[in-house]
Amino acid sequence: MRPTRPIVLGNWKMHGLRAPGVALARAVAAGAGPAATLGVFPPATILHAVAEALAGSTVLVGGQDCHHASQGAYTGSVSAAMLADAGATWTLLGHSERRHGLGEDDPLIAAKARAAIAAGLGVVICVGETEAEYVAGATLERLAAQVEGSIPADLPADRLIVAYEPVWAIGTGRTPADAEIARAHAHLRALLGRRLAGGEQVPLLYGGSVKSGNAGAILATANVDGALVGGASLDAGEFLAIAAAGARV
Ligand code: PGA
């Protein structure tokens, strides 16, 4: 079911040693109210400590990526079962810093999604156009290709969240116009409805330079069910202010 309150997730990326990470998680939990569903995605090394600190709270905990195999000779990699064992219930997949920074393609992301679901996790799959694609007017086409390529058609819709993150908006302070976000999200809603059983109910998050100052308008946009927040999620006050900005009265 589409959520009745916004889902606001914090992607900590490669930030966070154990003590400050646990302190950040505790501050988020202390400020979590009924207005939004909150989640944090810390680095794998502190996942367990953060999950322990959040035990008994309503704040979700997830990994930032997982390997596509369940185990094996993959030096340096983390499997979905390892994330779950450390206390994660969700994982991000297909973030642009992995698609574009590390060359991950749609079939690999689809394989990771299958592995994560098999390990009992929910998946937040990120999609979004590059700046060149945006300028060329190819956003909707790109989203269709990424949905088709990286979201397996048999994925259980109730364990999927899709984040629309224009690559050019991530960490840049630039965001699409509200109407462009609405258009992309309406497109994703229709694509997912055709692709998955119950797919029209999949929560759709916007991500890319979300701050407390723009969150109210973004979270009020049609078909936006929440936000995936990077930089601003490293400050508990700012992260909580984003969630508060999305409160539906
Ligand atoms: P940003 O990152 O909020 O720092 O732009 C968003 C993301 O990468 O998920």
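Both counts, for ligands and for their atoms, begin at 1 and track the order of listing.
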Which residue and heavy atom of the protein sit nearest [atom], plus the separation:
{"atom": "atom 4 (O) of ligand 1", "value": "Gly231 N, 2.8 Å"}
{"atom": "atom 3 (O) of ligand 1", "value": "Gly230 N, 2.8 Å"}
{"atom": "atom 9 (O) of ligand 1", "value": "Glu165 OE2, 2.7 Å"}

- Item | Nitrogen or oxygen atoms of Ala232 and ligand 1 under 3.5 Å apart | no

- Message: Hydrophobic clustering (ILVMFWY, side-chain heavy atoms < 4.5 Å, transitive) - are Trp12 and Val8 grouped together?
- Response: yes

- Please answer: with hydrophobic residues joined when any side-chain heavy atoms are less than 4.5 Å apart, are Leu92 and Val59 in the same cluster? no

- Atom CZ of Arg18: over 12 foreign heavy atoms under 6.0 Å: no

- So with a 6.0 Å cut-off around NE2 of His48, is the heavy-atom count from everything else above 12? no

- Message: Return the CG to CG distance between Leu9 and Leu38, rounded to the nearest 0.5 Å.
- Response: 8.5 Å

- How long is the span from the CD atom in Glu52 to the CD1 atom in Ile46, to the nearest 0.5 Å? 12.5 Å

Closer than 4.0 Å to some heavy atom of [X] - which atoms of ligand 1 meet that?
{"X": "Leu228", "value": "9 (O)"}
{"X": "Ile170", "value": "2 (O), 5 (O), 8 (O)"}
{"X": "His95", "value": "7 (C), 8 (O), 9 (O)"}
{"X": "Ser209", "value": "1 (P), 3 (O), 5 (O)"}

- Query: For ligand 1, does Asn11 get within less than 4.0 Å through its side chain, its backbone, both, or neither, judged by non-hydrogen atoms?
  - Reply: side chain

Strictly under 4.0 Å, does any heavy atom of [X] approach an atom of ligand 1?
{"X": "Gly207", "value": "no"}
{"X": "Gly208", "value": "yes"}
{"X": "Lys13", "value": "yes"}

- Check the angle between the aromatic planes of Tyr206 and His185 and answer parallel, tilted or perpendicular using the 30° and 60° thresholds. tilted

- Item | Test: Arg174 and Glu131 ion pair at under 4.0 Å | yes

